[in-house]
*Asks:* 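First the structure, which I've put down as structure tokens, then a few questions once you've had a look.
Worth saying up front: this structure is predicted, and the values here are computed from it rather than measured. Each chain gets a letter, A, B and so on, in the order its sequence line appears, and its residues count up from 1.
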Amino acid sequence: MEIKNIKHGRKDYKMQREVRTRYAPSPTGYMHIGNLRTALYEYLIAKSQNGKFILRIEDTDQERLVEGAVDIIYKTLKLCGLQHDEGPDIGGPYAPYVQSERKDTYLPYAKELIEKGHAYYCFCSKERLDALRKEAEEKGQTYMYDRHCLGLSKEEIEEKLKSGQPYVIRQKMPREGSTSFEDAVYGTITIENNMLEDQILIKSDGLPTYNFANVIDDHLMGITHVVRGSEYLSSTPKYNLLYDAFGWEIPVYVHLPLIVKPDGSKISKRKGDAGFHDLIEMGYLVKAIINYIALLGWSPESNQEIFSLEELVKEFNIKHISKSPSAFDMDKLRWFNAQYIRAMTPDEFYEHARPYLEKAITNKNIDLKKVSKLLQARTEVLTEIPSKVGFLNELTDYDLNIYVHKKMKTTLENSLESLKAAVPVLESIEDWNEETIHNKLLELVNQMGIKNGQLLWPIRTAITGWEVTPGGAVEIADLLGKEETLRRVHIGIERLEKALAGNC
RNA sequence: GGCCCCAUGGUCAAGCGGUUAAGACACAGCCCUUUCACGGCUGUAACAGGGGUUCGAGUCCCCUUGGGGUCACCA
């Protein structure tokens, strides 16, 4: 009862403490979409409680280091607006924030553990370990370190140390009982202690393993909420044993469900799955990506779907994080992207579309801004722009059958009539713009006593040569200009006449 | 294989013992309309299976099945 009260008091204290989360990537050069979401949630958890978001680089595995990877991390966080409050590039009260630069801080803690009886030196060679592993495998057993070095006497250890024999430091796990912990999303998790291996804390190169460094650094840096992927769920008891051995307060754990591919398998760089930067290159907007992944594994209380980062900060709540893995759905991302495109002002969209338009449209007479207006409601992903505007450059050969449209009630014959009738009307337009073209053409429709489509469909067909185009006859005629429009209409007339004559 | 976790339409998901089981994407149809889009409306579609508990179970418990994670001197 008393203990319970103490714990309770501690919890209250914790609630008053400043919330501190950390994003702790290892610099391997690829921004996995799941990692990004972890960073996002860490940011949201901190910011929604007026806390701090810290960036820490976990580079204790020097073999996996990738040049420039840290810059990718900075760049991505910045692009996404996930501005950290402390980190290697901006410093902070707990610097340094790169684990390789904190190399010397870990060993003393490991030694403290040895003194307390929670860890021990191990001099086993890689060969011996491999042989052990192989043997276990052949017997169909689960390999676990046999504690060979636990029995070493103090003298033996001294001697080996003195002779410079390479060593690691292992955590000594309890062999009986079980360890439970509370996860903010998964609830209580219990694992039998005999499932816990005497994991390595300090590697033979003197650097700590993740398993050790994360505990030391999280404590030293005052991290209150440890947020990470659910793959760490089963090793969390090991970390808690460490916290307990040191007498440190255990942080709040927030394990996140995985993001998987539509077929349920996990996303991997090796299989060529798209990372964050690939999505950007594919024409997706940063804000759309953030919005989408925020909703992959978390849901707001309302039915709102479109969220700015600021709104997410307001709405985010750990309680609504789900436990089951979610599939990354490109279609839905596309939809979000389209939503963001439509929400832009015409000028904003133009700025985004311009690079694509400039590359795709070689016809210098075309007003790109007008094209951009036509495209905004018809674009879901920026990269699809080029495929929609080719007809503006030049009129290519087209199948005359596209003049025939059932719903428009157009045929080769009446298309020819319409085009012929349109020529003098178009020629008579002095001030060539959408309004004048529109008015004149509709006037003609009235005169001819036909439906709009019967005149406009053939014109659009003649001046584009495409069955489907962004914009109708009027907009496109305006874009092409009077001369080019008439030139293309005449080509249409010629080709239709030829075809009809041939048929008779 | 041992251990851990998960399980509502094709996908993302709401739901906290009593609901006609939301909403979104995708799909289909209709409307708008000079094509295509946009927009609007409508529709198809789900509680994995079996046992309990309860007056009553998607909601709680157990089993089965399925999926995922984890078992490194990687994180």
*Asks:* Reading RNA chain B from 5' onward, which residue's closest nucleotide shows up sooner: Leu296(A) or Thr379(A)?
*Replies:* Leu296(A)

*Asks:* Ring centroid separation for Tyr292(A) and Tyr340(A), is it under 6.0 angstrom?
*Replies:* no

*Asks:* Looking for any heavy atom pair under 4.0 Å, which part of the strands does Thr469(A) touch: base, sugar-phosphate only, or nothing?
*Replies:* base

*Asks:* If you measure from the C1' atom in rG29(B) to the same atom in rA13(B), how many Å do you get, rounded?
*Replies:* 25 Å

*Asks:* Could you pull out all donor-acceptor pairs under 3.5 Å where a side-chain atom in residues 165-173 of chain A meets a protein atom, sequence neighbours excluded?
*Replies:*
unit_1: Arg170(A); atom_1: NH1; unit_2: Asp198(A); atom_2: O; d: 2.8
unit_1: Gln171(A); atom_1: OE1; unit_2: Gln199(A); atom_2: NE2; d: 2.7
unit_1: Gln171(A); atom_1: NE2; unit_2: Lys238(A); atom_2: O; d: 3.2

*Asks:* If the P atom of rG39(B) is compared with that of rG1(B), how far apart are they to the nearest Å?
*Replies:* 49 Å

*Asks:* How far, in whole Å, is rA37(B) from rA21(B) if one measures between their P atoms?
*Replies:* 35 Å

*Asks:* Have a look at Lys388(A) and say if it touches a base, only the backbone sugar-phosphate, or nothing, with a 4.0 Å heavy-atom cut-off.
*Replies:* nothing

*Asks:* Report which part of the nucleic acid Met144(A) touches: base, sugar-phosphate, or nothing (heavy-atom distance under 4.0 Å, all strands).
*Replies:* nothing

*Asks:* Taking atom C1' in both rG52(B) and rG17(B), compute the distance separating them and give it to the nearest angstrom.
*Replies:* 16 Å

*Asks:* Centre-to-centre under 6.0 Å for Tyr41(A) and Phe316(A), is that the case here?
*Replies:* yes

*Asks:* Select base, sugar-phosphate, or nothing to describe what Leu258(A) touches, counting heavy atoms under 4.0 Å on all strands.
*Replies:* sugar-phosphate

*Asks:* I want to check something: taking the side chain as every heavy atom from C-beta on, are Leu442(A) and Asn446(A) in contact at a cut-off of under 4.5 Å?
*Replies:* no

*Asks:* For residues 125-149 of chain A, which residue pairs pass the ring pair (Phe, Tyr, Trp, His ring centres under 6.0 Å) check, not counting sequence neighbours?
*Replies:* none

*Asks:* Once you apply a heavy-atom cut-off of 4.0 Å, does Val260(A) come out as touching a base, just sugar-phosphate, or nothing?
*Replies:* nothing

*Asks:* Just checking Glu63(A): base, sugar-phosphate only, or nothing, at a heavy-atom cut-off of under 4.0 Å?
*Replies:* nothing

*Asks:* If you look at every strand shown and take non-hydrogen atoms under 4.0 Å, does Tyr232(A) touch a base, only sugar-phosphate, or nothing?
*Replies:* base

*Asks:* For a 4.5 angstrom cut-off between non-hydrogen side-chain atoms, does Tyr106(A) reach Asp217(A)?
*Replies:* yes

*Asks:* Just name whichever nucleotide pairs with rC12(B), Watson-Crick or G-U, keeping both distances under 3.5 Å, else none.
*Replies:* rG23(B)

*Asks:* Going by the angle between their ring planes, with limits at 30° and 60°, are Tyr30(A) and His32(A) parallel, tilted or perpendicular?
*Replies:* perpendicular

*Asks:* NA contact type, Ala327(A), heavy-atom cut-off 4.0 Å: base, sugar-phosphate, or nothing?
*Replies:* sugar-phosphate

*Asks:* Looking at rU54(B), which nucleotide sits across from it as a Watson-Crick or G-U wobble partner, both distances under 3.5 angstrom, or is there none?
*Replies:* none

*Asks:* Select base, sugar-phosphate, or nothing to describe what Thr60(A) touches, counting heavy atoms under 4.0 Å on all strands.
*Replies:* sugar-phosphate

*Asks:* Could you check whether Gly453(A) gets within reach of a base, just the sugar-phosphate, or nothing at all, counting any heavy atom under 4.0 Å?
*Replies:* sugar-phosphate

*Asks:* Categorize Arg334(A) for me: base, sugar-phosphate, or nothing, with a 4.0 angstrom heavy-atom threshold over every strand shown.
*Replies:* nothing

*Asks:* Considering every strand shown, what is the Watson-Crick or G-U wobble mate of rG66(B) when both distances are under 3.5 Å?
*Replies:* rC6(B)

*Asks:* How is Thr190(A) classified with respect to the nucleic acid when contacts are heavy atoms under 4.0 Å: base, sugar-phosphate, or nothing?
*Replies:* sugar-phosphate

*Asks:* What nucleic acid atoms does Ser204(A) come within less than 4.0 Å of, heavy atoms only: base, sugar-phosphate, or nothing?
*Replies:* base

*Asks:* Rounded to whole angstrom, note down the P distance from rC61(B) over to rA24(B).
*Replies:* 32 Å

*Asks:* May I ask which nucleotide in the shown strands pairs with rA28(B), Watson-Crick or G-U wobble, both distances under 3.5 Å?
*Replies:* rU42(B)

*Asks:* Using the ring of Phe391(A) (Phe, Tyr or Trp, six-membered ring only), decide whether Arg488(A) places NZ or CZ under 6.0 Å from its centre and within 45 degrees of its axis.
*Replies:* no

*Asks:* Which is the 5'-most and which the 3'-most nucleotide of RNA chain B that has an atom under 4.0 Å from a heavy atom of chain A?
*Replies:* rG1(B) to rA75(B)

*Asks:* How do Asn452(A) and Glu305(A) order along RNA chain B: which one's closest nucleotide is nearer the 5' end?
*Replies:* Glu305(A)

*Asks:* Assign Arg133(A) to base, sugar-phosphate, or nothing according to its heavy-atom contacts below 4.0 angstrom with the strands shown.
*Replies:* sugar-phosphate

*Asks:* Does the ring centre of Trp457(A) sit less than 6.0 Å away from the ring centre of His405(A)?
*Replies:* yes

*Asks:* P atom, rG51(B) versus rG40(B): distance in rounded Å?
*Replies:* 46 Å

*Asks:* For rA75(B), what is the paired nucleotide under Watson-Crick or G-U wobble rules, both distances under 3.5 Å?
*Replies:* none

*Asks:* What distance, rounded to whole Å, do you find between the two C1' atoms, one in rU44(B) and one in rG49(B)?
*Replies:* 25 Å

*Asks:* rA46(B) and rC30(B): how far apart are their P atoms, nearest whole angstrom?
*Replies:* 24 Å

